[in-house]
Each structure stands twice: as structure tokens, then as C-alpha cells.
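Notes for the one structure printed next.
In what follows, every chain begins at residue 1, and chains take the letters A, B, ... in the order their sequences are listed.
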2 protein chains.
Amino acid sequence: MANLADDIEQFLKLMMGDSGVAEVQRATLAAQFGCAPSQINYVLATRFTSERGYVVESRRGGGGYIRITRLNFEAGDAIHDLIQRQIGSHLSQDEALGYILRLHEQSIIDEREAAIMQAAIHRDTIALELPYRDVIRANLLKAMILAVLRF
Amino acid sequence: MANLADDIEQFLKLMMGDSGVAEVQRATLAAQFGCAPSQINYVLATRFTSERGYVVESRRGGGGYIRITRLNFEAGDAIHDLIQRQIGSHLSQDEALGYILRLHEQSIIDEREAAIMQAAIHRDTIALELPYRDVIRANLLKAMILAVLRF
DNA sequence: CGTCTCCTGACGTTTTTTGACCATTACTGA
DNA sequence: TCAGTAATGGTCAAAAAACGTCAGGAGACG
């Protein structure tokens with residue numbers, strides 16, 4: 001229940017709001033949440049990945065900062081690019097989950113559709129040994145996203 | 001008949017109440033009942049199976065939890081029968097398609113959801129040789145239907 | 001006896017959190 | 001200008017916090 005990483009994730013997303021950009025200082029944010037500064041890096045590394053549609057930039061030294069930007073799908077074009085270029089020939093469960101969360105967060109798919117996709121790409125569902133499992137998972141995610149794009 | 005497993009089962013069902021969801025921490029619950037933590041897993045494995053209409057999710061690490069969700073069907077329901085008996089351990093594309101169309105006709109899934117499922121069970125998506133392909137397809141359809149029944 | 005269900009404990013895995021140490025950038029005062 | 005110091009953020013390994021698995025013991029029941 002109250003895990004810190006999730007709280008910080010929510011806080012940052014709230015902070016981004018409509019603008020899609022949040023800029024913070026690591027030490028200040030860590031102090032607000034009463035945690036180690038490196039905890040912030042953990043949140044960035046696990047919750048604001050490129051699969052989930054975020055870009056993180058930072059700068060050290062005086063006046064340093066961390067800036068998180070959400071990449072929005074403007075046209076259907078960006079999604080086609082996602083399918084054809086970003087998703088390759090194989091995909092881990094975490095990566096696939098990231099893409100699904102992104103599609104849901106940006107209202108391309110609803111909660112039920114996200115749940116269906118998550119069930120499909122789960123490692124227990126694709127019960128295969130590892131080189132093959134990730135290949136089938138990539139096929140699945142691409143096919144399912146394409147199916148949704150026809151509407 | 002005052003066995004622990006039954007007590008814990010009752011407690012969890014009471015906790016789910018109308019919402020159909022119970023979330024607990026394994027160690028805390030075990031402490032409440034004065035038993036070994038693994039006893040909780042035993043209860044989950046024997047009493048809250050998908051066959052009985054439940055889905056169990058969990059998370060490890062700090063802030064970890066166990067969440068039990070009651071699915072929207074009764075034992076003896078047509079859908080229950082579909083998942084438990086009709087869909088076996090393997091499934092052809094035509095058979096799967098038939099089930100998906102039926103779910104749509106019965107308004108259990110909408111058009112988009114049907115399209116996602118159809119894409120997933122297509123033979124080109126599950127690019128495997130024949131004994132295996134039909135096994136994975138059966139897994140896929142069952143998992144996707146279960147996913148939808150949570151809502 | 002043999003089998004089934006319940007229950008425990010030892011050991012394993014995953015996720016989060018912390019802390020020590022490193023790297024980079026800005027400021028400041030000869 | 002330039003060197004030194006202050007101010008930031010980054011990395012990585014270890015600890016901590018949960019949950020999972022599995023073999024086996026203890027009864028109950030036929």
C-alpha cells in the first residue's frame with residue numbers, strides 16, 4: 001500500500017498536468033518525501049521509461065534540475081511508427097506492459113482493452129521458452145494495436 | 001470443521017463484500033490468524049482459483065500486497081462452462097473465432113474488444129508450428145476472457 | 001495401510017529503499 | 001583567467017521488505 005515510488009510517480013504526473021512537463025530538483029523532491037535522493041532516480045528509471053512515453057533530461061551543478069516530458073501521440077501516425085519501428089521483433093513483458101500503459105494513459109485504449117492486452121502478453125499465457133516467447137509477444141502486441149487503430 | 005483455511009477463506013470473502021475486491025498483506029494476515037505466511041498461499045491456491053471465479057494478483061517488495069478479485073459470473077454459468085470445459089487445452093482458429101463472435105453477440109465484449117481478440121488468435125500472430133499454436137491460442141482466449149470478466 | 005487435505009518451515013525471487021562514492025556544472029576570489 | 005569550492009545530479013551494490021515454491025509432517029477417513 002503506501003509505497004513511496006508510487007507516491008512520487010503520482011506526484012510527478014500530477015505536476016505535469018496538461019503541459020506534459022515537470023521540472024524538479026532532486027534533493028528538494030527527496031526532502032519533500034523524506035527519502036534518499038537516489039530514490040528519485042529509481043522512480044525515473046522504473047516509471048518514466050521511453051516505452052511509457054516519457055523523456056527525462058537533467059543537469060548537474062548549481063541550478064541543476066530534472067525535467068520529465070510526456071510524449072503525446074499527436075496523429076495516428078506516431079502510433080504506426082511505434083508499431084513499425086519501436087516495437088521490434090521481440091519484446092519483454094515489462095516493455096510490452098509499458099506500451100500498453102502508455103496507450104491507456106493517452107486514451108487510445110480504455111481500461112478493459114488494456115486488461116485484455118495485458119492478459120495476452122503475460123508470460124504465463126505465452127507459455128514458451130524464452131527466445132520464442134518474446135517474439136510471439138511482439139507479434140501479439142503489434143497485431144492487437146493495429147486492430148484497435150482500424151476504429 | 002473449524003479449520004484455519006476455511007476461516008481465512010470466510011474472512012477474505014467478508015472483506016471483499018460488495019466491491020468484490022480484497023487487498024491484504026500476506027504477513028499481516030498470517031499474523032492475525034497466527035499461522036505461517038505460506039498458509040495464505042494455500043488458501044489462495046485452493047479456494048480462490050479461476051475455476052471458482054476469482055483472480056489473484058500480487059506484488060513483492062516494499063509496499064507489496066495480495067489482491068483478490070471476484071469475477072462476474074457464477075459457477076454453472078455459461079461463461080464458466082466455456083472457460084472450464086469447452087475451450088480445452090488447444091483450439092483452432094475457427095473455433096476461437098466462433099467463441100469470440102458469440103461473446104460479442106451476447107454483448108459480453110464490444111466490437112473493438114472482439115477485434116483485439118481476433119487479432120491475437122490469428123494464425124499469423126501466433127507464428128508457431130501446429131501442435132503448439134493451438135495450445136497457445138487456447139491460453140490466449142481463456143486469459144483474455146478472464147481479463148474482461150473482472151469488469 | 002493409503003490417500004487426501006491442512007499446515008509449517010526452509011529457501012528463493014522480486015521490488016523497493018538506502019548509502020557511499022563518483023561526475024558535472026556553477027560560482028568566486030585571487 | 002584559473003583554480004578551488006559549492007552545488008547538483010548519477011551509479012551501483014547492499015539491505016530491507018514483501019511474496020512464492022516446494023518438500024514433508026500430521027491428522028482424518030476410508
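Both A/G62 and B/V43 lie near DNA chain C, and the one whose nearest nucleotide falls closer to the 5' end is B/V43. Place A/Q39 and A/G63 on DNA chain C by their nearest nucleotides, and A/Q39 ends up nearer the 5' end.
In this structure, B/R67 reaches neither bases nor backbone, as no heavy-atom distance under 4.0 Å exists between it and the strands shown. Residue-level contact check: A/G64 touches the backbone only, with heavy atoms under 4.0 Å from sugar-phosphate atoms and none from bases. Contacts of B/L4 with the nucleic acid, taken as non-hydrogen atoms under 4.0 Å apart, involve only primed sugar atoms and P, OP1 or OP2.
Summarising the geometry of B/I126 relative to B/L140, their closest heavy-atom pair is CD1-CD1, 3.8 Å, with the distance given to 0.1 Å. Residues B/R150 and B/T69 approach most closely at CG-CG2, 4.3 Å, considering heavy atoms.
When rounded to the nearest whole Å, the span between CG of A/N3 and P of C/dT18 equals 11 Å. The distance between atom CG of A/D6 and atom C1' of C/dT14, rounded to the nearest whole Å, is 15 Å. As rounded to whole Å, 10 Å separates atom P of C/dT18 from atom CD1 of A/I40. As rounded to whole Å, 13 Å separates atom P of D/dT8 from atom CD of A/E23. Straight-line distance from the OH atom of B/Y65 to the C1' atom of C/dT15: 11 Å, rounded to whole Å.
In this structure, A/L29 CG and A/Q25 CD are separated by 10.0 Å, a value rounded to the nearest 0.5 Å.
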Would you list the protein and nucleotides 20-29 of chain D atom pairs, both N or O, that sit under 3.5 Å from each other?
unit_1	atom_1	unit_2	atom_2	d
D/dG20	OP1	B/S58	OG	3.0
D/dG20	OP2	B/N41	ND2	2.8
D/dG20	O4'	B/R60	NH2	3.0
D/dG20	N7	B/R26	NH1	3.0
D/dG20	N7	B/R26	NH2	3.1

Using the 3.5 Å cut-off, write out each protein N or O paired with an N or O of nucleotides 28-30 of chain C and the distance between them.
none

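Listed by first then second residue, pairs satisfying side chain to side chain donor-acceptor pair (under 3.5 Å) with a partner in residues 111-120 of chain B read A/R112-B/E113, A/E113-B/R112, not counting sequence neighbours.
Distances shorter than 4.0 Å separate some side-chain N or O of B/Q25 from OP1 or OP2 on D/dA18. The shortest distance between the side-chain N/O atoms of B/R59 and the OP1/OP2 oxygens of C/dT16 is below 4.0 Å.
Considering B/I100, B/I145, B/L101, B/I116 as possible partners of B/I109, the one that fulfils the side chain to side chain contact (heavy atoms under 4.5 Å, CB included) test is B/I100.
Panel note: side chain B/S19, backbone B/M16; a donor-acceptor pair is recorded below 3.5 Å. Within the 3.5 Å criterion, the main-chain N or O of B/D6 finds a donor-acceptor partner in the side chain of B/N3.
Using a 4.0 Å cut-off between a side-chain N of Lys or Arg and a carboxylate O of Asp or Glu, A/E105 and A/R70 do not qualify as a salt bridge.
Around atom NE2 of B/H90, no more than 12 heavy atoms belonging to other residues, nucleotides or ligands sit under 6.0 Å away.
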